[in-house]
Amino acid sequence: MKILTIIGARPQFIKAAALSREIANYPDITEIIVHTGQHFDANMSDIFFEQMSIPKPNYNLNINGLGHGAMTGQMLEKIEEVLLIEKPNWVVIYGDTNSTIAGALAAKKLHIKVAHIEAGLRSFNMEMPEEINRILTDRISDILFCPTETAINNLKIEGYNNIKCKIVNSGDIMQDTAMFYAQKEQKPNIEIPQNFILATIHRAENTDNIERLTSILEALNEIAKTTKIILPLHPRTAKIIKNSELKIQNLSIIEPVGYLEMVYLLNRCKMVMTDSGGLQKEAFFFKKPCITLRNETEWVELIENNFNIIVGANKNKIVEAYSNHKFNPNFDVDLYGNGKAAKNIILNIK
Ligand code: UDP
């Protein structure tokens with residue numbers, strides 16, 4: 001059997017690492033990897049392949065630096081060409097990027113079966129490009145691998161009981177990766193303070209809105225007067241800050257790091273502040289409270305269990321949550337399937 005996986009962005013490499021490792025246990029499955037090129041810098045792409053021994057992509061489409069339409073369109077065209085050559089039994093796509101929707105659409109039109117990993121997630125914010133990608137991808141997928149019961153319920157509410165597809169609660173494949181690498185950390189090449197906050201900012205709703213970005217950075221500057229903050233900065237955010245009047249005081253800004261360095265930081269930080277989807281869950285996997293710098297989250301079970309609080313981009317709310325919010329300290333709850341997602345996924349498509 002031939003499975004063709006499509007990946008292009010950092011969080012997809014991290015998820016794909018778990019699936020490739022699982023596929024290696026089945027001699028009757030061949031995996032073909034297509035890298036769309038959405039993320040291409042060494043520290044946003046190559047490092048993950050090296051650190052996590054992800055097989056070298058069979059195809060590198062090198063599509064990047066374009067607007068949504070051109071990027072998705074070029075991916076669609078190029079992926080179709082690859083599918084016509086490879087004729088896989090399944091196309092596997094992850095998450096909610098332009099690579100995800102392009103892969104699903106190309107495959108579906110050629111009558112190749114589509115498996116969507118991280119299906120059923122919703123922010124209910126149709127201004128997010130990710131939300132549009134998720135909804136459209138789910139609708140044309142043959143198997144929807146949901147990471148949580150919440151995701152399954154989202155699909156039921158949207159009427160998926162009436163749609164010809166299979167819905168599986170596979171658990172969250174990011175937990176597979178987190179558990180596998182939890183003890184394989186690598187120290188980043190910076191001084192690591194005793195007590196620090198790990199922060200990331202990269203979501204378009206924050207980076208492309210100067211008021212929101214200003215407010216978040218002001219809050220971080222304020223908190224950093226008393227607690228060190230390490231901020232591995234996404235290239236998109238770095239570019240916007242560089243071209244603005246925004247002031248960074250007190251923060252330890254570093255280049256994006258590899259996954260093993262993130263594991264080191266997650267193992268040692270006291271708290272996470274982020275607008276990243278993946279990092280909200282990793283905070284939980286590494287038993288750290290999380291302040292989410294967005295107006296909503298797809299990972300609502302973290303909020304319901306008080307491991308995470310949503311504060312948007314409001315400076316006062318961010319500082320207030322950091323100073324006073326009492327998080328749930330009991331992280332021994334199974335919300336995401338405990339690291340068996342890749343196996344569940346393969347057994348369901350085999
Ligand atoms: N990550 C990383 N290095 C960094 C920042 C993030 O390896 O410098 C990892 C992080 O641990 C998580 C993933 O990248 O596994 C999240 O990716 P991102 O925040 O880009 O995307 P999202 O999860 O929001 O889609």
Side-chain angles (χ1 to χ4, degrees), residues 7-18 38-52 54 64 93-101 117-118 121 123 125 128-134 137 147 172-182 184-190 192 197-207 229-238 251-269 272-286 288 290 292-294 296-299 302 308 336 339 341:
I7 50 182
R10 176 170 71 184
Q12 293 168 336
F13 309 142
I14 289 163
K15 291 161 202 164
Q38 197 172 337
H39 284 166
F40 59 93
D41 320 43
N43 59 9
M44 295 290 285
S45 175
D46 298 356
I47 192 164
F48 298 98
F49 285 83
E50 286 155 24
Q51 287 190 338
M52 306 167 107
I54 306 169
N64 48 61
I93 40 166
Y94 299 86
D96 51 26
T97 68
N98 290 337
S99 308
T100 314
I101 178 66
I117 298 180
E118 266 198 349
L121 295 175
S123 65
N125 176 357
M128 285 177 77
E130 293 92 342
E131 184 78 352
I132 300 164
N133 291 337
R134 284 178 197 128
T137 302
D172 190 316
I173 199 159
M174 280 199 111
Q175 187 160 19
D176 297 27
T177 303
M179 287 171 74
F180 188 80
Y181 288 101
K184 299 181 171 67
E185 60 179 22
Q186 267 179 28
K187 185 178 173 299
N189 207 3
I190 50 160
I192 307 290
I197 296 166
L198 173 61
T200 71
I201 315 164
H202 79 294
R203 233 21 350 103
E205 70 210 46
N206 287 331
T207 57
I229 299 185
I230 297 181
L231 177 60
L233 202 57
H234 194 284
R236 179 202 287 163
T237 322
L251 308 181
S252 277
I253 304 252
I254 58 173
E255 294 272 316
V257 293
Y259 189 74
L260 301 185
E261 287 82 3
M262 277 306 268
V263 167
Y264 186 99
L265 296 170
L266 280 159
N267 272 328
R268 284 168 182 72
C269 69
V272 170
M273 291 189 188
T274 191
D275 59 8
S276 157
L279 201 55
Q280 289 176 56
K281 278 176 298 164
E282 286 166 346
F284 169 73
F285 302 149
F286 288 81
K288 304 298 160 87
C290 180
T292 294
L293 309 169
R294 289 179 49 194
E296 69 278 310
T297 179
E298 301 76 37
W299 307 105
L302 295 174
N308 185 326
Y336 295 106

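Note that this is a predicted model, so its numbers are computed, not measured. Order of appearance sets the numbers: ligands from 1, and atoms from 1 within every ligand.
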| field | Under 4.0 Å from ligand 1, counting heavy atoms only: the protein residues, by chain and number | value | R10, P11, I14, F48, M174, H202, R203, P232, P256, V257, G258, Y259, M262, S276, G277, G278, L279, E282
| field | Partners meeting salt bridge (charged side-chain N to carboxylate O under 4.0 Å, His left out) with E261 (sequence neighbours left out) | value | none
| When you look at CD of E255, are more than 12 heavy atoms from neighbouring residues, nucleotides or ligands closer to it than 6.0 Å? | no
| About how many Å separate CG of L279 and CZ of F286, when rounded to the nearest 0.5 Å? | 10.0 Å
| said: For R134, give me all partners under salt bridge (charged side-chain N to carboxylate O under 4.0 Å, His left out), at least two apart in sequence or on another chain. | reply: D96, E131, E298
| request: Kindly confirm or rule out a cation-pi arrangement of K184 over F180, judged by NZ or CZ under 6.0 Å from the six-membered ring centre and within 45° of its axis? | output: yes
| remark: With sequence neighbours left out, the residues meeting ring pair (Phe, Tyr, Trp, His ring centres under 6.0 Å) with F49 are F13, H35
